[in-house]
Amino acid sequence: PTTSPPTDHMRPSVPEAGRVTVGDRLRTARRLGWIDPGRVAATATALARWGPTLASACAAAATRYPDRVAVVDHRASLTYAELDRRSTELANGFASLDLGDQEHIGVLCANNADFVEVSVAAAKAGLPVVYLNTGFGAPQLGEVLAREGVTALVADVDLLEVVDATAFRGTVLAADGAPPHRGHRSLADLRLLHPSRRLRPTLPVAPVLLTSGTTGVPKGARRSARAVDPSAALALLEMIPYESGDIAVIPTPLFHAWGLTQLSIAIGTASTSVLVRRFDPAATLSAVHEHRATVLALVPVMIRRLLASEHLAATDTAALRIVASSGSALAAGAALEWMNRVGDTLYTLSGSTEVGQATIATPADLRAAPGTAGRVVPGISVEIVDSNGDAVAAGEQGRIMVGGRGQFSGYTGGGTKEMLRGRMATGDVGYFDRDQRLFVTGRADDMIVSGAENVYPQEVEDLLLTIDGVDDCAVAGVPDEEFGQRLKAWIVAAPNARLDPEEIRSLVARDLARHKVPRDIAFVDTLPRTNTGKLRRGALTDRS
């Protein structure tokens, strides 16, 4: 398959998002459990105290469904009543930290109940949170802690050694159910300080999310706590059939925007979040099987690894209604294979930490146009522009610009994204097809110029992944005296696969133009990826 766009100059370059009626909204609210009289009253009370945050969602669920399980992790489970009580105790304890207006609480936790509890507690206390990547080394962690003004840090016990290796001198609180460790206090200490104090209403404070950091130290993305477009948020829930009481298995990191979104949806619908501490195919499929999951939240690389797992065939996936994927593009072959083997449960979302969600592809979209990023979410506008900033016709490739109230307000270290006619640059390139479906063909800064021809690596990678025996792959440009750059492919072979470089080149040349065929092919054991599965393309050129 190729992602080369079919040109059609007769279609508009800014497709209209689908329209949503009042009836649609009522049906969605009923499916999510929001029309229940007891839930409406509880939600109104909680919103008045804490605004549209995890705190109000948790409190409302605890009032209406106190005994429903809220969170399951590797240790135990918490009901909504328990999560609400413990987070209130912790919020009272946070008051003893005496944080200033510009000081933040850092959260360095894998997927566990403490991550959830701290997030809800911080919202109740009106404190700003910075979510930190658990894969940080000491130098990177120390730099982010200093830049983001973190003065109190909650960290899992197995990450305290990394924290201790930084120059951080603030308060460190041990999480993950740990007792005091190496002189650090624990979350349990804070809960015991003022367990029965009544919390005061607070203004909502948006957390700081970090960008993926594929090319350096991640940037902190700041957004207004009220920069949520209710219509766009509802549209997402209308396009994907979440229900109240879902069982959501979440292996994608909660510190990432996609994982946090899935957690927020689960709490907002009084559903159960089954947290997989760190992604592992066997552990993830075991959670799906054991809990009869109805929702599974993934990123594309996880989908590929689940498809390659010997455990998938034996996993009971009958209850799954939603497999939601975001974070990067999902290759057409992987989407079709998943639906053919597991069912038409796959929904893919395109967007970024900076612009929010932009498009959604339903199973019907993925069947009709494999590889698509889907249609524009109602309440959002997407435009494709050329290098001069002019809109291009449907079918023509260009830079993707996204408009909507979900845009971030800037990086914490200064600066923002390019804006054009109220729309923000995503950094991606792509095109709309004749049916107003978006296709993302690559990152603008990944473009390779080889012999005056432009190549986006994603197109070549998508094709390589369709070849039997290719488990993972990456393509980048390397210096070439004649062409300036030439394409090199790094390939991870499946177990026992025998791959021939010349045969691979022939298969690529059969479907793509000659200048898109990798001249160099290297076989490697692994590829450099972030915790969320994004390729660190810059690290490829350091490999042989």
Any side-chain to backbone donor/acceptor pair from His256 onto Trp258? Under 3.5 Å, distance only.
yes
What residues form a side chain to side chain contact (heavy atoms under 4.5 Å, CB included) with Pro501, not counting sequence neighbours?
Arg505, Ile521, Phe523
Given Ser381 and Arg423, is the side-chain hydrogen bond (donor to acceptor under 3.5 Å, both in side chains) satisfied, shown in steps?
CA-CA 8 Å; Ser381 66; Arg423 300 183 182 93; 3.0 Å; yes
Partner residues of Glu148 under the salt bridge (charged side-chain N to carboxylate O under 4.0 Å, His left out) criterion, sequence neighbours left out
none
Go through the structure and list residues passing side chain to side chain contact (heavy atoms under 4.5 Å, CB included) with Asp468, not counting sequence neighbours.
none
For Arg529, all residues meeting side chain to side chain contact (heavy atoms under 4.5 Å, CB included), sequence neighbours excluded:
Val301, Arg304, Arg305, Asp472, Leu527, Leu535
Interatomic spacing from SG in Cys473 to CG in Leu499 - rounded to 0.5 Å
11.0 Å
If you measure from CG on Leu254 to OG1 on Thr261, what distance do you get to the nearest 0.5 Å?
10.5 Å
Would the distance check show the side chain of Thr294 and the main-chain N or O of Asp246 forming a donor-acceptor pair, the cut-off being under 3.5 Å?
no
For Arg278 and Asp158, what are the C-alpha separation, side-chain angles and deciding distance, and is it a salt bridge (Lys or Arg N to Asp or Glu O under 4.0 Å)?
CA-CA 13 Å; Arg278 289 186 175 86; Asp158 62 349; 3.7 Å; yes
Here the pair of heavy atoms bringing Val376 nearest to Ile380 is CG1-O, 3.1 Å
So how far is it from Ile240 CD1 to Ile360 CD1, rounded to the nearest 0.5 Å?
4.5 Å
Residues forming a ring-ring contact (aromatic ring centres under 6.0 Å, His included) with Tyr131, sequence neighbours excluded
Phe115
Side chains of Val392 and Val385 in contact at under 4.5 Å (non-hydrogen atoms)
no
Would you call Arg537-Asp445 a salt bridge at under 4.0 Å N-O?
no
For the atom pair OG1 (Thr372) and CG (Leu438), what is the distance rounded to the nearest 0.5 Å?
6.5 Å
Would you say the side-chain atoms of Thr166 pair up with the backbone N or O of Phe168, donor to acceptor, closer than 3.5 Å?
yes
What pairs meet the side chain to side chain donor-acceptor pair (under 3.5 Å) rule with one or both residues in residues 307-320, with sequence neighbours excluded?
Arg292-Asp316
Scan for side chain to side chain donor-acceptor pair (under 3.5 Å) pairs involving residues 356-369, sequence neighbours excluded, and state none if there are none.
Asn340-Arg367, Asp344-Arg367, Thr362-Asp365, Asp365-Arg375, Asp365-Arg437
Return the CG to CD distance between Leu145 and Gln140, rounded to the nearest 0.5 Å.
11.0 Å
Sort out for me which residue in Asn112, Val274, Val116 forms a side chain to side chain contact (heavy atoms under 4.5 Å, CB included) with Asp73.
Asn112
Main chain of Leu260, side chain of Ser264: is a donor-acceptor contact present, judged purely on distance under 3.5 Å?
yes
Below 4.5 Å, heavy atoms only, C-beta onward: do Val455 and Met447 meet side chain to side chain?
no
Distance only, no hydrogens: is a donor on one side chain within 3.5 Å (strictly under) of an acceptor on the other, for Thr441 and Gln458?
no
Does atom CG of Asn388 have more than 12 heavy-atom neighbours from other groups under 6.0 Å away?
yes
Which residues pass the side chain to side chain donor-acceptor pair (under 3.5 Å) test with Glu503, sequence neighbours left out?
none
Can you name the salt bridge (charged side-chain N to carboxylate O under 4.0 Å, His left out) partners of Asp520, sequence neighbours left out?
Arg486
Hey, does the side chain of Thr269 reach the backbone of Ala266 with a donor-acceptor pair shorter than 3.5 angstrom?
yes
Run the ring-ring contact (aromatic ring centres under 6.0 Å, His included) test against Tyr411 and tell me which residues pass, sequence neighbours left out.
Phe408
Which heavy atom in Pro457 sits nearest to a heavy atom in Ile448, and how many Å separate them?
CG-CD1, 3.8 Å
Treating Ser450 as the side-chain partner and Gln485 as the backbone partner, does any N or O pair qualify as donor plus acceptor under 3.5 Å?
yes
Hey, could you give me the CG/CG distance between Leu507 and Leu463, rounded to the nearest 0.5 Å?
8.0 Å
Heavy-atom closest pair, residues Glu383 and Ala391
OE2-CB, 3.1 Å
Does any donor atom in the side chain of Glu461 or Tyr456 lie under 3.5 Å from an acceptor atom in the other side chain?
no
Can you list the steps and then say if Glu143 with Arg147 is a salt bridge (Lys or Arg N to Asp or Glu O under 4.0 Å)?
CA-CA 6 Å; Glu143 184 174 342; Arg147 187 191 67 207; 5.3 Å; no
Heavy-atom donor-acceptor pair, Asp525 side chain to Val492 backbone, under 3.5 Å:
no
Once salt bridge (charged side-chain N to carboxylate O under 4.0 Å, His left out) is applied, do any residues pair with Glu418, and if so which ones, sequence neighbours excluded?
Arg399
For Ala509, what residues pass the side chain to side chain contact (heavy atoms under 4.5 Å, CB included) criterion, not counting sequence neighbours?
Val517
Looking at Arg321 and Pro241, would you say the former's side chain and the latter's main chain have a donor-acceptor pair under 3.5 Å?
yes
Is the backbone N or O of Ile247 less than 3.5 Å from a side-chain atom of Ser271, with the two atoms forming a donor-acceptor pair by type?
no
Test side chain to side chain contact (heavy atoms under 4.5 Å, CB included), reference Leu487, set Asp480, Val478, Val475, output is Val475
